[in-house]
Amino acid sequence: MCGREFRDIVMGRYAVKKFDGKKIPEEQLQELFDLIRYAPSGLNFQPWKIKVIADAETKEKLLPVSWNQTQITTCSHLLVFCANEHLKEQVEKIAVEMKKVGIDQENIDKYVKLAKDFLIHVLPEQRKVWTQHNVFLALATALYGAASLGIDSCPMGGFERDKYAKILNLPPHLIPTMLCALGYAADQPAKKVRLPREEIFF
Ligand SMILES: Cc1cc2nc3c(=O)[nH]c(=O)nc-3n(C[C@H](O)[C@H](O)[C@H](O)COP(=O)(O)O)c2cc1C
């Protein structure tokens with residue numbers, strides 16, 4: 001892919017307010033999941049779990065606890081990006097995957113030590129924030145990845161996290177952090193409003 005194409009993706013995507021209800025083909029969905037899987041993360045912890053919701057009944061239940069935003073019920077799939085606070089378990093899982101790709105044991109051990117030391121030294125509150133920051137990178141990858149596949153999306157923070165956890169019966173270590181509604185737009189993009197370069201870069 002050349003830079004121009006990525007520019008079109010960045011400039012062309014927008015936060016869809018209403019989808020047409022058409023389903024995303026399974027193959028495309030799996031392709032998008034792979035892109036999300038490859039999002040970068042601190043110490044490669046990949047501290048996210050993503051609940052995929054496609055059924056109308058669950059979406060209806062979630063609507064009133066999502067500020068009644070129409071994306072919830074009109075989208076094809078709703079991704080609930082959860083921060084996975086079981087970080088120690090995550091290190092063990094990553095170590096298994098390192099072995100599978102042929103990384104030698106010495107380097108795996110070094111990684112595990114570094115990752116566990118990090119967990120010891122970071123305060124629980126900082127750890128929570130850190131984990132959720134990582135989730136936003138997975139979300140950004142989802143937005144741009146979707147656009148690259150011709151899928152429209154909306155990142156959404158307007159929802160009640162505790163109610164989501166209840167309705168979706170999430171275990172306590174999974175914290176609903178952000179939503180990504182996916183599908184095909186049935187609205188038009190609003191005018192893009194962005195601060196000028198000189199306001200941002202100094
Ligand atoms: C953290 C975050 C929370 C957001 N929450 C919502 C939301 O609940 N509903 C919505 O329609 N858009 C939501 N958005 C989308 C933003 O409003 C949108 O990205 C911004 O206005 C810029 O517009 P654009 O994405 O169309 O370029 C959210 C975006 C972010 C990054």
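In what follows, every heavy atom counts, from backbone to side chain, and hydrogens, waters and symmetry copies are set aside. Counting begins at 1 with the first residue of the sequence. As the structure lists them, so they are numbered: ligands from 1, and atoms in each ligand from 1.
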Checklist entry - Do Asp55 and Thr58 meet the criterion of a side-chain donor-acceptor pair at a distance under 3.5 Å? => result yes
Next on the checklist: Within 45 degrees of the ring normal and closer than 6.0 Å to the centroid, is that where the cationic atom of Arg161 sits relative to Phe159?
Outcome noted: yes
Checklist entry - Between the side chains of Gln105 and Lys99, does any donor sit under 3.5 Å from an acceptor? => result yes
Item to check | Contact residues of ligand 1, where a non-hydrogen atom lies under 4.0 Å away | outcome: Arg13, Tyr14, Ala15, Lys17, Gln69, Gln71, Phe136, Cys154, Pro155, Met156, Gly157, Gly158, Met178, Lys192, Arg194
Next on the checklist: Check the orientation of Trp130 and Phe45. Use parallel for under 30°, tilted for 30 to 60°, and perpendicular for over 60°.
Outcome noted: perpendicular
Next on the checklist: Would you say Ser66 and Tyr164 are linked by a side-chain donor-acceptor pair, where the criterion is simply a distance under 3.5 Å?
Outcome noted: yes
Checklist entry - To the nearest 0.5 Å, how far apart are CD in Glu31 and CD in Glu27? => result 8.0 Å
